[in-house]
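Note sheet for the following structure.
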Protein chains: 2
Amino acid sequence: MKQKITIKTIAKELGVSTSTVSKALRDSHEISSETKDKIQAYANLYNYKPNNLALQLRNQKTKVIGVILPKIVHHFFSTVIMGIEEGANKKGYNIMVCFSNESYKKEVETLKVLSNGSVDGLIVSIASETLENKDFKHFIDLVAEEIPLVLFDRVVDEILCDKVVVDDVGAGYKATKHLIENGRKKIALITTPNHVNVGALRRQGYEKALIEAYIKTDKNLIVEVDEKKDIKSQIEKVFKEDIDAVFAVNEIYAANSMRIAKEKGLSIPNEISIIGFTDGLISEYSSPSITTIAQHGFTMGMQAVELLIERIENETEIYRPKKIVISSDLKIRESTKPSS
Amino acid sequence: MKQKITIKTIAKELGVSTSTVSKALRDSHEISSETKDKIQAYANLYNYKPNNLALQLRNQKTKVIGVILPKIVHHFFSTVIMGIEEGANKKGYNIMVCFSNESYKKEVETLKVLSNGSVDGLIVSIASETLENKDFKHFIDLVAEEIPLVLFDRVVDEILCDKVVVDDVGAGYKATKHLIENGRKKIALITTPNHVNVGALRRQGYEKALIEAYIKTDKNLIVEVDEKKDIKSQIEKVFKEDIDAVFAVNEIYAANSMRIAKEKGLSIPNEISIIGFTDGLISEYSSPSITTIAQHGFTMGMQAVELLIERIENETEIYRPKKIVISSDLKIRESTKPSS
DNA sequence: AAAAGTCACGAAATCGGTTTCGTGTTAACA
DNA sequence: TGTTAACACGAAACCGATTTCGTGACTTTT
């Protein structure tokens, strides 16, 4: 990189002190207008721009927000990023995005790097491996250091900080109830292993809806997908049971279910109804299009970043963690309809 | 944020100088092992971590790579990010991701902020508005400042820097030729306006394949989609023409085409074949699944970041811009087959 | 004419580290 | 015993900015 022009260069060139240059560039009243003009002209000519690092060090703030996500090639998370970015930008912040790739180790490392002064605060959705381990020390340390932290979507009670979540229980309930109201009684649930708590919560909603309708939950109708293995073959098993509907806790599971149903020659939504989660492009463009629970990722990101910036900029306040619950809603499309 | 522990704190507490602390922590031979032990123990106890900003300022390097993308909710771009992130991480770099949202103004601003010392280099895919304006001054200035820059996917000749692109002409050619070989002759092209150069290049490939097959290109079969208006209705028009195949330059256009074809009762792939671009989830999960050109976004990201880091770390070399062309390949699925 | 005030600028501290160069003490050598 | 080398540490410069405080030269007031 070319040697960038600094205040010192300007000072030397023009035979003044660095303080004079700094003041002149910030249009201080202490400097005579001739000197100001001279300095500003020189700065413009050589396209002087103050060094961010120096400013950040001096001001003890970076105006950068760190974001750690488990993955990115996923409609929900990319939507959240958009929300975060837009919210951050509005307040003059930039975002630094990293990925844990669902790995505990990478999450710990990334957290460590970012929390060493590179960012003013962090927005994180926890890696699945961490949820499985139940080892949250790295987050707890962060909170102890009083670095502003907002968790979203995948959160745990052990970490005392601000949180933004969707009403997963309610969403699972809504989805299941919709199927029940459509006359479905044998509803399969395609979910994640229980340690991914959003999956567990959605399952609670599913069970609640079934209980209310006096339907016994049947463990054989529940599939906990292990993403390390082939997804489709795991889901396929449940199709051997007698089912008339599928509730999948994400888009991919829903799309796979639909594909299997088609292969088996089942007509959708007549013989089998399918409902998904995350209102992404797959749900929208598949045919039939898939009824889903819209998670409002953009809103989540926006709320998370607003909460965080609030914390960053008003640190005097006594700290009382907030939890924002975003209600999700049902987007009815072609893959569900009342059974005739 | 809590007052973080610094070298100065440790020095004062232990009654030594800051230089001694610094050396002790870096395990310098200049310091006696007793002193080292004492200092290191203290540092561990209070969980001392050196401040990144200070180090970055001192070392004149940030180990951060800036990435500016036009959008993120898009399978191709999120895949590229993954590639960049993985490549960067491998070399000890972090990435700072920003979005231009296809806006010229935002691109200029973001570029300005990031290039003021916050990053060691930049990876950018140009915003469509910028491509339309043909105003690349902000990039040219960047190159003049000798800030390492790699452009990918959407690149222009006016900017002299390293580039990573897919062989768009070749890809368009391959896709079209595949349709022709399947006996299709009336092939619609759903593309972007011409200023988005990747669209223009893919079109060239399309035209080349047609010419080779002695098929006259028919302007009525070409749709230039304006994304500010409703996409579907624009594509719908071409279905009034007599066509037996569609080549769409991205996934969304392909999915829309498929939906329209279905609504019109055309059987896919018999009556009409459809081929897309970007091998994303939509293509994979729609039914029939869509034959597409795989862009290898991950590889692109990886190559781009490797090229960039090479530049950053070997700046003595004489500068001769490199252009890496990544060959794309055809992934044949259910939406195309020979006409009978 | 002496005291006070204004103007325009510079010296130096600061942010949190690293590193070069001294320097006082002790041990080893001639 | 005098010279030199090794050892262990500190002072100070540096990265690139900002900001407080001080100060010399002039002007104004009494």
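Only this structure's heavy atoms are used, side chains among them; waters, hydrogens and symmetry mates stay out. A note on names: the letters A, B, ... follow the listed sequences, proteins ahead of strands, and every chain is numbered from 1.
The interatomic distance linking B:N116 (CG) with D:dG16 (P) rounds to 13 Å, in whole Å. The separation between B:D27 atom CG and D:dA8 atom C1' is 15 Å, rounded to whole Å. When the C1' atom of D:dG16 is taken as reference, atom CG of A:L57 falls 9 Å away, rounded to whole Å. For the pair B:Q56 CD and C:dG17 P, the interatomic distance rounds to 13 Å; values are reported in whole Å.
The distance from the NZ atom of B:K163 to the CD1 atom of B:I159 is 7.0 Å, given to the nearest 0.5 Å. Annotation: the span from B:H296 atom NE2 to B:I326 atom CD1 amounts to 8.5 Å, rounded to 0.5 Å.
At C:dG16, one or more side-chain N or O atoms of A:Q60 fall inside 4.0 Å of OP1 or OP2 (strictly under the cut-off).
Less than 4.0 Å separates DNA chain D from at least one heavy atom of each of the following residues of residues 2-26 of chain A: A:T6, A:I7, A:K8, A:S19, A:S22, A:K23, A:R26. Taken residue by residue, residues 30-53 of chain A places heavy atoms nearer than 4.0 Å to DNA chain C at A:E30, A:I31, A:S32, A:T35.
Electrostatic pairing of B:R311 and B:D162 counts as a salt bridge here, judged by a charged N lying under 4.0 Å from a carboxylate O. A salt bridge between A:K36 and A:D27 is present, with a side-chain N of the basic residue lying under 4.0 Å from a carboxylate O of the acidic one. A salt bridge links A:K49 with B:E145: the distance from a Lys NZ or Arg NE/NH1/NH2 to an Asp or Glu carboxylate oxygen falls below 4.0 Å.
There is a side-chain donor-acceptor pair under 3.5 Å between A:E310 and A:N314. For the residue pair B:N133/B:E129, the side-chain donor-acceptor check at 3.5 Å is not satisfied.
Looking at B:V198, B:V155, B:V156 one by one, the single match for side chain to side chain contact (heavy atoms under 4.5 Å, CB included) with B:L131 turns out to be B:V156.
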